[in-house]
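Whatever order the structure lists ligands and atoms in, that order sets their numbers, starting from 1. Both backbone and side-chain heavy atoms feed into the values below; hydrogens, waters and symmetry mates do not.
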Amino acid sequence: MCGIVGFAGIKNSKEAVLNGLRKLEYRGYDSAGIAISSSDNVLSIFKDKGRVEHLEEIITKDLDGPLAIGHTRWATHGKPNKINAHPHISNNKRFIIVHNGVIDNYKELKYTKLSGFNFYSETDTEVIVNLIEYYSRKYDVSSSIRITATKLEGSYSCLIIDKETPDKIYVLKNKTPLLIGCGEKGNIIASDVIPLIGYATKYTNLEDQVFGIVTKDSVSITDYLGNKLEYNVNQVSVNDEEITLGRYPHYMLKEIEEQPDVIRRLISKYFDGENIIINKDLVSMFKSINKINFVAAGTSMYASLMGKYFFEKLCRIPSEVLQSSELVYSSPLIKDVPLFIFLSQSGETADSIAVLKKVKESGYPTLLITNNIGSTMASISDYCLDIYAGPEISVASTKAYVAQVVTMSILAKAVSGSITKLKNHLKSLAKKTEEILGKKVIIKGLADQIKDAKAVFYIGRGIDYWASLESALKLKEISYIHTEAFSSGELKHGTIALIEENVPVIAICTQEGTNGIVRSNLIETEARGAKSFVISMESLSQSSDSFIIPNVSHYLTPLLTVVVTQLLAYYTAVNKNLDIDKPRNLAKSVTVE
Ligand code: M6R
């Protein structure tokens, strides 16, 4: 978690870094800080608990200069407060650092190598900067930083300024993302590509265990021994329009409304006429496996459930969905010949990366389905499919779910080789999504009815249950209402004990085979005082239902029901006046385990 930005230029480094930090706040927003060097090489540090907006208020007006580094924090070691906020400074005040990641052996280093040093914060970062000071007593600055890196265990992207060489930003990178963009007015370094927009058109995505020196007009990258390394060059393909709010009050609403366009974009990318265009090697690789293990976290994991459904129904390949955070610490018994499919919007989720590395070491084939083809996971996996959702800024994932599910439906169709009507189904899905977006007023009315609830339950069976899981995650993460999803058949095995007078229970009923039974399970909760709501599909609807989605192919219904529940979560949080795009305690990319 955390976002870091550095800029080495002719001038205006403060603006470049603040602009970058605003764009990286989705990675954490517990505190923010910046170090700025003025044109006469005086370094000033500003930091505090809270958002970048607050940081801007406390920076001395008119202060600017050619070099700056900044940080936006998701607290791991120590409370979110001013002392723990980055940048951190070495005891002799020569070195200043911002860091994203976690140093696993920081206590050991503190008590062995750094026994004479003072520590002011609770962070692991202060250990890095003081270790650099420790080695600088014997070595030049570059060697000191490289030797320090060899002592660190864990993940880190660091930007370091040395007051004695004030035209340089020193860079370390291991296991958390870091990019360097080169521009006419200077060079910019950041945890993600979006701060680069407007400053660079090309960038390099740093490999692990590298050291770099960035000045206004040069970039040099070496390994920890100082051997020069060649680096990849990529095009910055995101534009400002994709990441600005425009007419929307929140990114979440913007991203929900973008969903029809995302579906249409996927059709244009993956269909040529009626033919599906997906890498032939990838499609034929499915002939050599007899099992699929999906691995993911959060919303991506709930999307994976639909992948399992598609591959089992259309391709007859047994599939399983595994939680990446559990898989990191377990060794499942593998008897089949599996393909591991990873789903990750960001491609930077720490648990998923750890599992992907383990799977690769074991020699199993891997496919990543992602919104970030320049990500760490994309660089590791054998195959990669882009979900073309465009930047997703809101912490609550919405359009990525839809894009992942649509991409998997196309892939499963390609693998099954069956004559496809999928393209028409997807075209009509985009239209029907728009119909739902046109009925927001109904959903606002439902949100009014649940906003004061202490708990909410979603129920369903089969794919309606899977849609319920995603719906519950959306509601809880942005409205802070305790929301759970249950297979309605499980209610009587314990959960129904939680039903009290006026507890909202929302049933999702879009499948012919389970519609009747889910409705009767809902009636059982009503008998115990629940306030019931039904989201149904037109062909199975009753006049009393709370929201009726248009008819759609039965295996695509979650793509419509989640649009309703995304909006329900959104309007509930609006009613409660909450910070929708940046819900408490969360960050967009979970880059620590
Ligand atoms: O980037 P990823 O898809 O790997 O992220 C997985 C989860 O962290 C993410 O889906 C999270 O659960 C969202 N906040 C859900 O809205």
Side-chain angles (χ1 to χ4, degrees), residues 1 3 25-29 74 176-177 191-193 250-253 255-256 259 294-307 321-328 340-356 366-378 380-381 384-387 389-405 407-408 466-480 483 485 562-563 565-570 572-573 578-593:
M1 332 275 260
E25 258 193 328
Y26 73 88
R27 301 177 69 88
Y29 29 86
W74 188 86
T176 56
S191 308
D192 190 352
V193 73
H250 302 102
Y251 281 102
M252 184 176 179
L253 185 61
E255 288 158 9
I256 291 172
Q259 291 178 125
F294 287 94
V295 183
T299 289
S300 295
M301 185 179 67
Y302 296 141
S304 303
L305 292 163
M306 289 304 296
V321 174
L322 305 161
Q323 210 167 34
S324 48
S325 56
E326 281 299 303
L327 209 52
V328 180
F340 282 78
I341 302 186
F342 290 81
L343 267 75
S344 177
Q345 187 281 131
S346 62
E348 298 293 349
T349 297
D351 292 319
S352 302
I353 294 175
V355 180
L356 176 56
T366 54
L367 161 66
L368 173 70
I369 296 179
T370 186
N371 202 22
N372 185 0
I373 53 162
S375 61
T376 306
M377 291 180 75
I380 304 171
S381 59
C384 186
L385 281 183
D386 197 336
I387 61 168
E392 194 181 62
I393 311 277
S394 178
V395 165
S397 186
T398 52
K399 61 178 178 172
Y401 174 90
V402 165
Q404 284 168 335
V405 174
T407 305
M408 286 186 294
W466 299 339
S468 298
L469 288 165
E470 171 56 11
S471 303
L473 176 59
K474 244 17 20 124
L475 186 59
K476 74 180 99 169
E477 77 179 315
I478 62 162
S479 76
Y480 315 149
T483 312
V562 297
V563 179
T565 61
Q566 290 165 351
L567 287 166
L568 184 60
Y570 174 76
T572 305
L578 295 172
D579 195 344
I580 290 172
D581 290 328
K582 294 180 186 130
R584 70 183 179 205
N585 305 337
L586 291 173
K588 182 78 181 156
S589 291
V590 184
T591 54
V592 290
E593 282 184 23

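Between K582 and E25, at least one side-chain nitrogen of the basic residue sits less than 4.0 Å from a carboxylate oxygen of the acidic one, meeting the salt-bridge criterion.
Here the side chain of Y251 pairs no donor or acceptor atom with the backbone of I580 at under 3.5 angstrom.
Sorted by chain and number, the heavy-atom contacts of ligand 1 below 4.0 Å come from A297, G298, T299, S300, S344, Q345, S346, T349, V395, A396, S397, L473, K474, E477, V590.
Using a 4.5 Å heavy-atom cutoff, the side chains of L368 and L385 are not in contact. Side-chain contact between V590 and D351 is absent, with no heavy atoms from C-beta onward closer than 4.5 Å.
Every residue meeting the ring-ring contact (aromatic ring centres under 6.0 Å, His included) condition with F340, not counting sequence neighbours, appears here in chain and number order: Y364.
Under a cut-off of 6.0 angstrom, the local environment of CD1 in I373 is sparse, with at most 12 non-hydrogen atoms contributed by other residues, nucleotides or ligands.
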